[in-house]
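In what follows, a single structure is set out as structure tokens and then discussed.
Because the structure is a prediction, the values reported are computed rather than measured. Heavy atoms only: backbone and side chains are in, while hydrogens, waters and symmetry mates are out. Per chain, numbering begins at 1; letters A, B, ... match sequence-line order.
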There are 2 protein chains.
Amino acid sequence: MPKLDESLLTGLPPFSLLDRAQIREILDQAVSRRYDEGTAIFREGHDADRFYLLLDGYLRVIRSTPGGEQIIVLHISPGQLFGIAPALQRDTYPATAIAAAESIALSWPVRVWDDFITRYPGFATESYKTLGQRLGQIQETLTEMATQAVEKRVACALLRMVHQSGRKSDKGIEIAFPVTRQNISDMTGTTLHTVSRLLSAWQKDGIVESTRKHIVVTDPHALVVLSEA
Amino acid sequence: MPKLDESLLTGLPPFSLLDRAQIREILDQAVSRRYDEGTAIFREGHDADRFYLLLDGYLRVIRSTPGGEQIIVLHISPGQLFGIAPALQRDTYPATAIAAAESIALSWPVRVWDDFITRYPGFATESYKTLGQRLGQIQETLTEMATQAVEKRVACALLRMVHQSGRKSDKGIEIAFPVTRQNISDMTGTTLHTVSRLLSAWQKDGIVESTRKHIVVTDPHALVVLSEA
DNA sequence: CGCAATTTTGATTTTGCTCAAAATGAGTGG
DNA sequence: CCACTCATTTTGAGCAAAATCAAAATTGCG
């Protein structure tokens, strides 16, 4: 394997306080791997033997029920740590991570976690900050799921994806990874049918434009209004 | 204020590895306070200036929506740390804590958190373990909310309370703190009407017995069956 | 081109909410 | 001790949102 370039980590929050030599040390212990769209990086309940950093692509973090249904708990964007079970003293992963688009991630064996925490200033702080943000996000989603009607939930889900991965296109803001109606229904606890109907209606109103697995929000403000109505 | 007795903390997970002198140190920095039923210990969005340990009673952790609705995210039992925003590098509390029954809690200023983490072996580990368990619980609730029908969600909510605080009585297992129909609907994202109807039906079937603010599960197994149906 | 995955749409059914009102119980103050 | 008030609980009726059932249409890919 070729040596990984130090610029990969420079400036990323968990490593921003470190010097070149420290980043070198960290990279030398890392394994880099590519994941095709749809591939699992790790699965719920499995042995948490590594922790990860997403370099490129997008992930879905999902949980499944005994009944075979699944829900998407959150998405991971480039630069974020994930699978950090060791930070919480867990020995199995609490959810499954799936590549939503072709992705590249670094990973380290959990046994170096404590080392990272003690040796590298800022690493612990940033990791726990990430965790705190994620806990907050999940609580937010839970509250939304418990109190809001389907239409608002779907609007919120779209807005979350836009905020996390939106990039300008000529028509509006497009979501940077493939998303199906089924995916959106897994994020919002509804059915693909209902999502399809909502998107069709919004398209007619000029709020979104979508082709298969690809969504552009043409009127974000209108969507915000819907999400708060 | 009288000195707090060392036996209060002895054996509790976050402090189980510590000797008498260390526990003394910790207690000498603590403030103990009683909270009447219904009182807020801290509120969502407020300055996270202290962290807490529940000595006695039960708490509800709630989040409110702009629309005035609220949901109960989880319950806290005696012996648990709570309000540990500093562990996640947050400077405001992400939720509100309300005494579900008369309660007593110790608290410390956040500035001693880092001290506790570095000076007292096992404290960090246990705190993060608590956090991990809580994250898992919330994910569980989210999944349930997104995929299960109201009847199952209410059955699960009852079972969770039974597991966390159940104590044997002559009739069955009783939930150790006051709970209203409204409370249960806030845990499950439904209405008090629906909860009332469910409890009435279950009472007729001999599964529960309830008076105002007080619930006894007389046939826990039947409830488990309902929660998995 | 044919296939499989995704999306759309219509019809029907069901769940659980809203609206409405009454019953019950617990605590308070006279 | 009793009357009164307020919170909690129960129950009924009607309705609406969204699920389910059922096809068909579309699209991208091999």
Side-chain angles (χ1 to χ4, degrees), chain A residues 36-38 60 65 67-71 98 100-102 144-158 175 177-205 208-216 226 229, chain B residues 36-38 60 65 67-71 98 100-102 144-158 175 177-205 208-216 226 229:
Chain A
D36 282 326
E37 183 179 331
R60 277 191 269 276
T65 64
E69 295 149 303
Q70 62 173 58
I71 79 139
I98 305 271
E102 189 183 324
E144 189 184 298
M145 197 81 85
T147 62
Q148 308 302 319
V150 167
E151 186 177 38
K152 278 195 199 179
R153 302 208 300 270
V154 173
C156 286
L158 282 185
I175 293 169
F177 52 88
V179 199
T180 66
R181 310 288 185 261
Q182 174 76 63
N183 291 153
I184 296 176
S185 71
D186 289 342
M187 296 175 66
T188 51
T190 179
T191 63
L192 75 163
H193 309 276
T194 299
V195 173
S196 175
R197 280 180 235 271
L198 285 172
L199 288 184
S200 296
W202 291 344
Q203 181 136 2
K204 205 157 47 194
D205 296 345
V208 303
E209 240 166 80
S210 69
T211 58
R212 128 186 303 232
K213 287 192 173 195
H214 186 246
I215 297 177
V216 179
L226 277 173
Chain B
D36 282 326
E37 185 179 330
R60 277 190 270 277
T65 64
E69 294 148 304
Q70 62 172 60
I71 79 138
I98 303 274
E102 187 182 327
E144 190 184 298
M145 197 81 84
T147 63
Q148 308 301 317
V150 167
E151 185 178 39
K152 280 196 196 177
R153 301 209 301 269
V154 173
C156 285
L158 281 186
I175 293 169
F177 51 89
V179 198
T180 66
R181 310 287 184 261
Q182 173 76 63
N183 292 152
I184 296 176
S185 70
D186 289 342
M187 297 174 65
T188 52
T190 179
T191 61
L192 75 164
H193 309 276
T194 299
V195 173
S196 176
R197 281 180 239 269
L198 284 171
L199 288 184
S200 295
W202 292 345
Q203 181 134 0
K204 207 156 45 191
D205 296 344
V208 303
E209 240 166 77
S210 70
T211 57
R212 131 186 303 236
K213 288 193 174 195
H214 186 247
I215 297 177
V216 179
L226 277 174

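Shown here for A/Met187 and A/Met145, the closest heavy-atom pair between the two residues is O-CE, 3.8 Å. Minimum interatomic distance between B/Thr147 and A/Glu69 (heavy atoms only, all atoms of both residues): O-OE2, 3.6 Å. Here the closest heavy-atom approach between residue A/Arg60 and residue A/Pro178 is recorded as NH1-O, 3.7 Å. The minimum heavy-atom distance between A/Val208 and A/Leu199, with the atom names listed, is CG2-O, 3.9 Å. Of all non-hydrogen atoms in A/Ser210 and A/Gln203, the two that sit nearest each other are N-OE1, 3.3 Å. Nearest heavy-atom pair across B/Phe177 and B/Ala100 is CD1-CB, 4.1 Å.
Summarising the geometry, atom CD1 belonging to A/Ile175 is positioned 6.5 Å from atom CD1 belonging to A/Ile184; distances are rounded to the nearest 0.5 Å. Atom CD of B/Gln148 and atom CZ of B/Arg153 lie 9.0 Å apart (nearest 0.5 Å). For the atom pair CD of B/Gln182 and CD of B/Gln70, the computed distance is 7.0 Å after rounding to the nearest 0.5 Å.
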Using the side chain to side chain contact (heavy atoms under 4.5 Å, CB included) rule, take B/Ile71 and B/Thr65 through it: C-alpha gap first, then chi angles, then the decisive distance, then the call. CA-CA 8 Å; B/Ile71 79 138; B/Thr65 64; 5.8 Å; no
Output, in order, the C-alpha distance, side-chain angles, deciding distance and verdict of side chain to side chain contact (heavy atoms under 4.5 Å, CB included) for A/Leu198 and A/Val150. CA-CA 9 Å; A/Leu198 285 172; A/Val150 167; 4.1 Å; yes
Chi angles and distances behind the side chain to side chain contact (heavy atoms under 4.5 Å, CB included) call for B/Thr180, B/Val195: CA-CA 10 Å; B/Thr180 66; B/Val195 173; over 6 Å; no
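When atom types are taken as modelled, the side chain of A/Ser196 and the backbone of A/Leu192 share no donor-acceptor pair closer than 3.5 angstrom.
Taking every heavy atom of residues 149-158 of chain A and every atom of DNA chain D, pairs under 4.0 Å involve A/Ala149, A/Val150, by number. DNA chain C lies under 4.0 Å from at least one heavy atom of each of the following residues of residues 190-200 of chain A: A/Leu192, A/His193, A/Ser196, A/Arg197, A/Ser200.
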Pull out every protein N or O sitting under 3.5 Å from an N or O of nucleotides 28-30 of chain D, one pair per line with the distance.
none

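Test A/Leu226, A/Thr188, A/Thr194, A/Thr190 against A/Glu151 for side-chain contact (heavy atoms from CB on, under 4.5 Å) and you get one pass: A/Leu226.
By the salt bridge (Lys or Arg N to Asp or Glu O under 4.0 Å) test, B/Lys213 pairs with B/Glu37, sequence neighbours left out.
Summary for the helix from C/dC1-D/dG30 to C/dG30-D/dC1: the axes at its two ends, each from 5 pairs, differ by 40° when rounded to the nearest 10 degrees.
In this structure, A/Arg181 atom CZ and D/dT27 atom C1' are separated by 12 Å, rounded to whole Å.
Remark on DNA chain D: of its neighbouring residues A/Gly189 and B/Ser210, the 5'-side contact belongs to B/Ser210, judged by nearest-heavy-atom nucleotide.
A nucleotide of DNA chain C counts as in contact with chain B when one of its atoms lies under 4.0 Å from a heavy atom; the first and last such, 5' to 3', are C/dG16 to C/dA26.
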